[in-house]
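Just so it is clear, the model here is predicted, and its values are computed rather than measured.
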Amino acid sequence: FTMQAHACGTGAGQEMYVKSVFDSFDKNSSGTLDPNEFGQLCAELGYCFDDTELSQIFHIAANNQDNAIDFQEFLSFWNTSGKFKIHDPKKLELYRQALQLFRSYDLDGSGKITLEEYKKLSLAANWGLSEEALQEMLNKVDADKEGTVSFEEFVAW
């Protein structure tokens, strides 16, 4: 979706921005987001949830039992959830570009960049780095020391 260049701090400007995000994922123009549309929105914004987490978050945002999120529910969720704090269209666009780059490195789509994926990229890009140098680079970005790089660690780097 295209980002609208208007004020996104608080009030009407922010609400218009959030509405443009909501509308861009309401694929069937129903005025609501179904679980699939909501999942696509989360994924596009870089939030990788497993099915259980996504279902729980969806039901929190939906606020009722109709299995849909209307705009007012979405706006309330957007404003109160720590996950959706990027309100500036320029920052959101940079974030989406970072997500696209991360996905190009995450060859298996696991939501993590492994040393093996990093090695494949290094070879393809002809970086000419040793495995030790690649491991050292990965370790610098791997804040939680799991041996992989998550999207959050990638963005922080």
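- Rounded to the nearest 0.5 Å, atoms CD (Q40) and CG (D26) are 11.0 Å apart.
- With a 4.5 Å cut-off on side-chain heavy atoms, V149 and Y118 do not count as touching.
- Residues P35 and N67 are in side-chain contact: their nearest non-hydrogen atoms beyond the backbone lie under 4.5 Å apart.
- Rounded to the nearest 0.5 Å, atoms CG (L33) and CG (D70) are 9.0 Å apart.
- Taking CG of L121 as the reference point, atom CG of L129 lies at 12.0 Å (rounded to 0.5 Å).
- Side chains of F22 and L75 form no contact here, defined as non-hydrogen atoms less than 4.5 Å apart.
- Salt-bridge check for K112 with E117: failed, with every basic side-chain N at 4.0 Å or more from each acidic carboxylate O.
- Other residues, nucleotides and ligands place no more than 12 heavy atoms under 6.0 Å from the NZ atom of K140.
- Heavy atoms only, all atoms of each residue included: S24 and V21 are closest at OG-O, 2.8 Å.
- No side-chain donor from either of D51 and S55 sits under 3.5 Å from a side-chain acceptor of the other.
- Contact annotation: the side chain of I69 never approaches that of E37 to less than 4.5 Å [non-hydrogen atoms, C-beta and beyond].
- The shortest side-chain heavy-atom distance between F38 and C42 falls under the 4.5 Å cut-off.
- Under the 4.5 Å side-chain criterion, counting only non-hydrogen atoms from C-beta, F71 is not in contact with T32.
- With F25 as the aromatic partner, K27 meets the cation-pi criteria of under 6.0 angstrom to the ring centre and within 45 degrees of the ring axis.
- Annotation for A68 and A62: closest pair O-CB, 3.6 Å, computed over non-hydrogen atoms.
- The two atoms that bring G147 and D142 nearest to each other are N-OD2, 2.6 Å, heavy atoms only.
- Between E116 and K119, at least one side-chain nitrogen of the basic residue sits less than 4.0 Å from a carboxylate oxygen of the acidic one, meeting the salt-bridge criterion.
- Within the model, atoms CG of N28 and CG of N36 stand 10.0 Å from one another, a figure rounded to the nearest 0.5 Å.
- Considering only heavy atoms from C-beta on, L134 comes within 4.5 Å of W127 through its side chain.
- Smallest separation of non-hydrogen atoms from L115 and E131: CD2-OE2, 3.9 Å.
- Looking at heavy atoms from C-beta onward, T148 lies out of side-chain contact with I113 at the 4.5 angstrom threshold.
- A distance of 10.0 Å separates CZ in F74 from CG in D23, rounded to the nearest 0.5 Å.
- A 6.0 Å sphere centred on CD of E136 holds no more than 12 heavy atoms belonging to other residues, nucleotides or ligands.
- Interatomic distance, L107 CG to T114 OG1, rounded to the nearest 0.5 Å: 7.5 Å.
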